[in-house]
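Atoms considered below: every heavy atom in the structure, side chains included; atoms not considered: hydrogens, waters and symmetry mates. Below, read A as the first sequence line, B as the second, and so on, with proteins coming before strands; counting in each chain starts at 1.
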Amino acid sequence: MKNRLIWPLVALAALLLLNLVVTPSFFALRIQDGALYGGLVDVLKNGAPTLLIALGMTLVIATRGIDLSVGAVAAIAGAVSCVHIGTSDSAGTAFAGMAMALLLCALLGLWNGFLVAGMGIQPIIATLVLMTAGRGIAMLVTEGQIVTVNNSAYKQVGAGFVVLPVAILISLLVLGLVAFVTRRTALGMLIESVGVNPEASRLAGVRSGTIIWTVYVFAAVCAGIAGLMISSNVSAADANNAGLWIEMDAILAVVIGGTSLAGGRYSLTGTLLGALIIQTLTTTVYTIGVAPEVTLVFKAIVVIAVCLVQAPKARAALSFRKVAVPS
Amino acid sequence: GGGTAPSNGGGTITMGFAQVGAESGWRTANTKSIQDEAKAAGIDLKFSDAQQKQENQIKAIRSYIQQKVSVIAFSPVVETGWDTVLLEAKRANIPVILTDRSIDSDDTSLYKTFLGSDFVEEGRKAGDWLVANASGPTTVVELQGTTGAAPANDRKKGFEEKIAAKPDIKVVASQTGDFTRSGGKQVMEAFLKSQPKIDVVYAHNDDMGLGAIEAIKAAGKVPGKDIKIITVDAVKDGMTALANGEINFIVECNPLLGKQLMDLAKKVVAGEDVPARVVTEEGTFTQEQAKTALPQRQY
Amino acid sequence: MTESPPPVVQMRGISLAFPGVKALQDVDFRLFPGEVHALMGENGAGKSTLIKTLTGVHRPDSGQVSLAGADVAFSSPGEAQHAGISTVYQEVNLCANLTVAENILLGREPRRFGGVDFSAMRKRAAEVLARIGVHIDPASSLGEHPIAVQQLVAIARAIAVDCRVLVLDEPTSSLDAGEVAELFRIMRVLRDEGVAILFVSHFLDQVYEISDRMTVLRNGTLVGEHLTAEVDRRTLIAQMIGRDLGALEAIEDAAEKRKTGGPVLVQASGLGRKGAIEPFDLEIRAGEVVGLAGLLGSGRTELARLLFGADRADSGKVLVDGAPLRLRGPRSAIAAGIAFSSEDRKGEGLVADLSIRDNLVLAMQAARGWTRPLSRRTKDQLVEKYLKALDIRPANPDALVRTLSGGNQQKVLLARWLVTEPRLLILDEPTRGIDIGAKAQIQQLVTALAAEGTAVLFISAELEEVVRIADRIVVLRDRRKIAELDGSVTGVDEVVELIAGGAAPEPEKVVS
Amino acid sequence: MTALAQRVPSRFLPVLATVVLFVLAFGVGSARYDGFASGQVVANLFIDNAFLIVLAAGMTFVILSGGIDLSVGSVVALSTMVTASGLQAGWPVPLVIVAVLLIGSTLGLLMGLVIHKFDIQPFIVTLAGMFLARGLCFLISVESVSIKDKTFRAVATAAIELPGGVTITYNVVIALLVVAAAMYVLHRTRFGRTVYAVGGNESSALLMGLPTTRVKVGVYVISGLCSSLAGLLFSLYMLSGYGLHAVGMELDAIAAVVIGGTLLAGGVGYVLGGLAGVLVLGTIQTLISFQGTLSSWWTKIVIGVLLLVFIAVQRTMVRR
Ligand SMILES: Nc1ncnc2c1ncn2[C@@H]1O[C@H](COP(=O)(O)OP(=O)(O)OP(=O)(O)O)[C@@H](O)[C@H]1O
Ligand SMILES: Nc1ncnc2c1ncn2[C@@H]1O[C@H](COP(=O)(O)OP(=O)(O)OP(=O)(O)O)[C@@H](O)[C@H]1O
Ligand SMILES: [Mg+2]
Ligand SMILES: [Mg+2]
């Protein structure tokens, strides 16, 4: 397990190195108004929402599910809190707005969990419902406008600094919390067990329904927090574009981190690395000046390269070691 | 309630309008203007949202033909690819009005008229202002719209056309910010680190410009002074920033086409002659103009 | 037997290591045409691995395989099949989503006009099944059938083609005597036609009945090659496990000494489910071992599943300690102290991608809920205890269950339920694929549990085993409970008579 | 645990349920809206979704084998781009067609090989394929390119008259042929049956000696081929090539296949299910455009709700 994480790490290091070569100042850090400022910090800050959503997604995927609705849920969270805050600049309003938003997200997660565990609908379709309708709901809340707010407390969530960006601190906190909860309680094991063999788990007395509800609620709340970050970062709620396609980035981060879409064993550290790799890739594109029309080709090549580096079979093929067929 | 579609013979006009989507505040304002004006003009409006997909627009138009509306209007996302379905409309004797953008077809009989702005011209206006206002060597970074999207292509084209006249002005970096604020902010953050000197930001819409402002502020610089900003659209948030001195120049792209569209529709249905091209009235705003215009801004 | 014909399969100096385990070390193996060759060894000895090395599933680290004198290195089981090696692997390795006919003939289906000819395929599949005495609808999907039938289908697939080498890795582990006899009849026919048959089984009776020669493995190394007629059981067992048979013989005494007749623990009345089992009454007392006997498909598994709440009953009720129990699913059964170890360890038992540790504590943890985790220490103690008690190998709690040998997997499953200290333990084929030493251990364990007051419902295809350890035997036929035999049963014959007695073969269903 | 008598229909139940739902939805539409209950509306469902039908057929193979292909939408875009710019450059039509189909299948082949040989999850590989194909579009041109070729236009605008004054296009005919071919391959050939086997249990299929490599790579080639063919149909439909065509269409294709009762885990499903799924999605859109009074956001919400109603009703029908 530990061993496997070396390769995503290598990939991340290689990407960062590429930046360093092209822009020597990339690693430079300076303190400005009590906050760290520099290329690496940007990677962390902008990667925070993806990381957060990917964390929720990791657990969902571990149960053999998938959640396509996270982007829409993120948009709803941003919309609800910004509309609630409106023109107010009070921290209280901001917190009330955020609390409302997260509560709503938890409900949406319950809804997803109900469709998957209660109705037995395939996760990809069950969450597609909210993926489609959710953006509509977000737009309904904002009436299709971009709602701009000017609230200093709210701004902290996505753009604030306590030495490091608040956003990444929140994400790392959630990461720590999930790691603690899943590894210190039995949740992690039960999630994996449901993901690997649902029927055997049922016969062993595992409450798979409850577990599935839990992970979808968690994923939705993560998406909600990420949505708050995204909207706070630009002090506006954009129902249409906030978190657009972020579910794909999140799934990609999870998968790059070594968790299989077939469910079962998952790695939170892997997801962290995956999210950082994806964000670094995006930042790299901007920094090294890849032309927009080449961007996608560049991304494709990097993604494949990253995966090839990690794939045991690819390495085995290179070093001519024997390959055992799984049985 | 399920609306029914009276055919051309009836007194009321039914218009089928195939909107691109609701991807931006600009578009929402555009939609609202059309809906409001249709009501005011007593036109029965069939509205559909194509969710940014051309094929959905085509499907909607086809269903309007099926429903025998009296006139079809739509904002084509792309210039190309309309011949087949417009030919069907023509065969069904339903007149077509284009809004917002023209189409690329050799057969001009496919539509009656085109009402809308010219994205290339908008780019040119932005370029003109910069050429007039730049002194000495100027480095520009460009925040492009969605890669491949028509407004992005054209606003880039028009801008480049004009600044070519002045070799001092150089676009040193150009990247897509997907027309969104967070895109604009992220790209700008990266530019601020990788470019040693930035004098001007040219953003293909207000939202990316507003994102860039946030990035510039976070980097400890003053938007509008240390780095000048030019954007396109003139939505309310953009105009506010312009009035506050954070943006230096905005090229207007007017979404309020509703009234003109309804007038045209009535004429077209009545069989009157209409000009093949109706350009919307669009201006440009400097900081001073913005201060006076802002109070009456509707969107 | 003189070795006049050259061996059809020859393996020389085969070594293969998995991470942490040397599965095979310098093993030589020969298989001659026209013989049944038994591959012997305890769980984890490397039998299945040797077979997989032969058929191209694994590539050996070193060593050479030759087929009919020519060196071969198959890179996939498909290639081995083309070369004439037909294999039944240990676990049922078929596709549950396909029909029985497709599972038998896929890859060599009859074709017409370039497409698969389904009616010819069904006909052909029915023929092959009939050859081994199975009468099921070839168009039914495989997943609907119990594991034993699936095993028969796998055998049917292997004999559906002409082959020169037939490999059978524990084909009889869940078959009853009738099926086994049928299988042996076919094996003899094939042997007489010159096919070389490699056979693995932990049933010594079967091995002595069918095999001509045997190769013994221990811990991945070759211990010896013998003519079956020339080794007696004691020597063979000593070679396989390096221990004596004493343990096995102690059981019967223990059974004698135990006195039963505790209070009624679980009582089922009129419990039944349409299409699975007719309503039945059953009483299980604390400290009692109740055996379930019946032919394949007689409804034993279904009965057990109803008691455990794995399937919903549509009639009848269950009382525990005299109080009615609402069986809403496995959880309510577990809460009432009932445990159920499934016969299908791969599909319904183990969580293959988790470690031995996690699998061991799964049921207990599930009962406690996720908020009350077992402490690391408790887990380690439990794991250590059961690894030792059941002699699970490798004794590495972090090894993934997927990588264990079949027999060791079965032990892990059993251990999972022992951990929960159930009051009623339902064991469906717990000794399936378990070696002779371990089988003795498990039987001993069951008796010991009963002595401590645990009730056990014991299901096994091996009647001798049931008769030996059960205090009471419930006999099922055609998914109906037909008799209950008290402790006075002395021999297998008595039960066999009941099981078979006048049973008219049901159309379209499994009979032997 | 279904009894013998119910066995056969139970397999077809999801597909059947979807078809029944489609008919029901159509009934509702006819009752509510004038002009809905016409043959042409049905025909339009096929005309407007011909490319999606072809995509869904290809996607069915991939999903049945237990994989997923996210690249299809982008390959459609790339195909339109190659078609348009090829024709613009004056290539003859047959050459363009061959080139497009070749590009699509080659991309599929490459993705399949990477997935199989290096054991990388299909999701990542095809996501990279998605980036690559779309990126290649922009490399060819960031602007949209019109198709002016006479033959192409003639085929695109030609209408085939059916009895009852209903017209369809050649696209529809091609799409239906593809569905028929896919059904034949999947249900009648050894390759097709092996697809099911691999999806049901890959390691078992391998141990059964089936050619899993061929199948695992083959399904991506088929999907690539179908995508490029769908791209050609899309070119005919749009008469243009554009890098932003068919954005997100992979999700539509996957959704259609899954709505049609195919299990994403592999091994269970039918090509016809995909077709039914496409028709259901198409009907939802048609209902909304006939309604014609929904704002942009209500449109999205209503699509979501209708989708929910469809799958929820389908679930309950299948469970019974
Ligand atoms: N894929 C694998 N990865 C790691 N170890 C493995 C793997 N397959 C088998 N082993 C190990 O190799 C050894 C031999 O296993 P094998 O399955 O050959 O035993 P066996 O003789 O067939 O036993 P049984 O009678 O229980 O089936 C065991 O220690 C097992 O744990
Ligand atoms: N999932 C299923 N679907 C349909 N029929 C089934 C299913 N499982 C079992 N059956 C049928 O129910 C009957 C009883 O099966 P069961 O597995 O209970 O028998 P058993 O006595 O335990 O035999 P075995 O020796 O196979 O374990 C058999 O005829 C079998 O074909
Ligand atoms: Mg074995
Ligand atoms: Mg059984």
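For C:L94, the parts lying under 4.5 angstrom from a heavy atom of chain D are both the backbone and the side chain.
Taking CZ of D:R190 as the start and CG of C:L105 as the end, the distance is 10.0 Å to the nearest 0.5 Å. Rounded to the nearest 0.5 Å, atoms CZ (D:R188) and CZ (C:R112) are 8.5 Å apart. In this structure, the separation between NZ on C:K52 and CG on D:L207 is 6.5 Å, given to the nearest 0.5 Å.
Closest non-hydrogen pair, D:Y196 versus C:N97, comes out as O-ND2, 3.1 Å. Closest heavy-atom contact between D:S204 and C:C95: CB-SG, 4.4 Å. Of all non-hydrogen atoms in C:F113 and D:Y184, the two that sit nearest each other are O-OH, 3.4 Å.
The stretch residues 100-108 of chain D places none of its residues near chain C, where near means some heavy atom under 4.5 Å from a heavy atom of that chain. By a heavy-atom distance cut of under 4.5 Å, D:L210 are the residues of residues 210-227 of chain D near chain C, going up by number.
Under 4.0 Å is where a charged nitrogen must lie from a carboxylate oxygen, and between D:R193 and C:E109 no such pair does.
Ranked by non-hydrogen atom pairs under 4.5 Å with chain D, the options C:A80, C:G107, C:A154 are led by C:G107.
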Query raised in the report: Passes side chain to side chain contact (heavy atoms under 4.5 Å, CB included), C:Q81 versus D:M208? Steps please.
Result: CA-CA 9 Å; C:Q81 214 172 70; D:M208 284 163 82; 5.5 Å; no
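Counting heavy atoms of neighbouring residues, nucleotides and ligands inside a 6.0 Å radius, atom OH of D:Y170 does not exceed 12 of them.
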